[in-house]
Amino acid sequence: MLAKAWGTSLGSPPEMCLSVVMLGLPVGLGSSSDSDGLKLRTHLRDGSGVEVPIYYRAPKDGEINALTGYARISHQVYNVVDEYYRFRDAVNKLVNDGVTYLCRSLMSKS
């Protein structure tokens, strides 16, 4: 549901995804460092009540518009579907608000 909403993909084939998966974040967020991932994680926690680890993957040579930001989400008995919708909506809001450079954009809103 999240990958479809953001036009991204999983970090591994679906058959390898059991209760934990790496999920590509929208390219439009412009993640360009581990610091951006930490700032996004803090922003999601403080602004939307979403706790999710965020990781940065540097683009390989020649990659254009590569997925560089990934969230590690888990599906456990203590998670409820509304949490995934809240995560989706929080990320969509950032994209719709034109946040394109996480580090600078989120720092200026603090």
Side-chain angles (χ1 to χ4, degrees):
M1 178 268 295
L2 295 170
K4 186 174 184 178
W6 299 331
T8 63
S9 60
L10 301 176
S12 60
E15 59 273 8
M16 293 178 64
C17 303
L18 299 175
S19 63
V20 178
V21 65
M22 294 298 281
L23 172 71
L25 294 169
V27 173
L29 289 177
S31 181
S32 62
S33 69
D34 289 327
S35 177
D36 285 349
L38 185 57
K39 286 176 177 44
L40 176 58
R41 182 178 186 167
T42 301
H43 178 80
L44 290 170
R45 180 188 319 113
D46 295 348
S48 302
V50 173
E51 180 61 53
V52 60
I54 306 292
Y55 298 93
Y56 169 72
R57 181 192 69 85
K60 296 176 182 169
D61 288 340
E63 280 187 312
I64 299 172
N65 292 327
L67 287 178
T68 57
Y70 284 84
R72 188 186 76 197
I73 61 169
S74 65
H75 182 66
Q76 303 293 336
V77 295
Y78 49 80
N79 295 115
V80 295
V81 71
D82 287 344
E83 293 171 318
Y84 302 102
Y85 292 137
R86 193 168 62 237
F87 180 35
R88 177 200 62 199
D89 295 345
V91 169
N92 285 344
K93 182 174 181 351
L94 287 172
V95 172
N96 291 336
D97 288 351
V99 173
T100 54
Y101 295 98
L102 286 170
C103 187
R104 287 183 295 228
S105 296
L106 293 178
M107 286 183 71
S108 66
K109 294 180 182 198
S110 300

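For the atom pair OG1 of Thr42 and CG of Leu38, the computed distance is 4.5 Å after rounding to the nearest 0.5 Å. Rounding to the nearest 0.5 Å places CE of Met22 at 10.5 Å from CZ of Arg57. Note that the CD atom of Glu83 and the CD1 atom of Ile73 stand 11.5 Å from one another [nearest 0.5 Å]. Put simply, CG on Leu25 and CG on Leu40 are 6.5 Å apart, with the number rounded to the nearest 0.5 Å. Atoms CZ and CG, from Arg41 and Asp46 in turn, are 11.5 Å apart once rounded to the nearest 0.5 Å.
At distances below 3.5 Å, at least one donor-acceptor pair connects side-chain atoms of Asn79 with backbone N or O atoms of Gln76. The main-chain N or O of Ser35 is found under 3.5 Å from a side-chain atom of Ser33 such that the two form a donor-acceptor pair.
The hydrophobic clustering, which links ILVMFWY residues whose side-chain heavy atoms are closer than 4.5 Å, places Tyr56 and Tyr70 apart. Using a 4.5 Å cut-off between side-chain heavy atoms of Ile, Leu, Val, Met, Phe, Trp and Tyr, with links allowed through other members, Met1 and Val50 fall into the same hydrophobic cluster. Residues Val21 and Tyr84 fall within the same hydrophobic cluster, defined by Ile, Leu, Val, Met, Phe, Trp and Tyr side chains chained together at heavy-atom separations under 4.5 Å.
Just one of Asn96, Val95, Asp89, Asp97 meets the side-chain contact (heavy atoms from CB on, under 4.5 Å) condition when paired with Lys93; it is Asp97.
Under the salt bridge (charged side-chain N to carboxylate O under 4.0 Å, His left out) criterion, Arg86 pairs with no residue, sequence neighbours left out. Evaluation of the side-chain hydrogen bond (donor to acceptor under 3.5 Å, both in side chains) rule for Arg72 yields Tyr55 as partners, not counting sequence neighbours. Applying the ring-ring contact (aromatic ring centres under 6.0 Å, His included) rule to Phe87 yields the partners Trp6; only residues at least two apart in sequence or on another chain are considered.
Nearest approach of Leu44 to Ala90, heavy atoms of both residues: CD2-CB, 3.7 Å. Of all heavy-atom pairs between Ala3 and Leu23, the closest is CB-CD1, 3.6 Å. Taking all atoms of both residues into account, the shortest heavy-atom contact from Asn92 to Ala5 is OD1-O, 4.4 Å. In terms of heavy atoms, Thr8 sits closest to Gly24 at OG1-O, 2.7 Å.
Residues Arg45 and Val52 are not in side-chain contact: their nearest non-hydrogen atoms beyond the backbone lie 4.5 Å or more apart.
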side-chain contact (heavy atoms from CB on, under 4.5 Å) evaluation trace for Lys39 with Ile54 = CA-CA 9 Å; Lys39 286 176 177 44; Ile54 306 292; over 6 Å; no

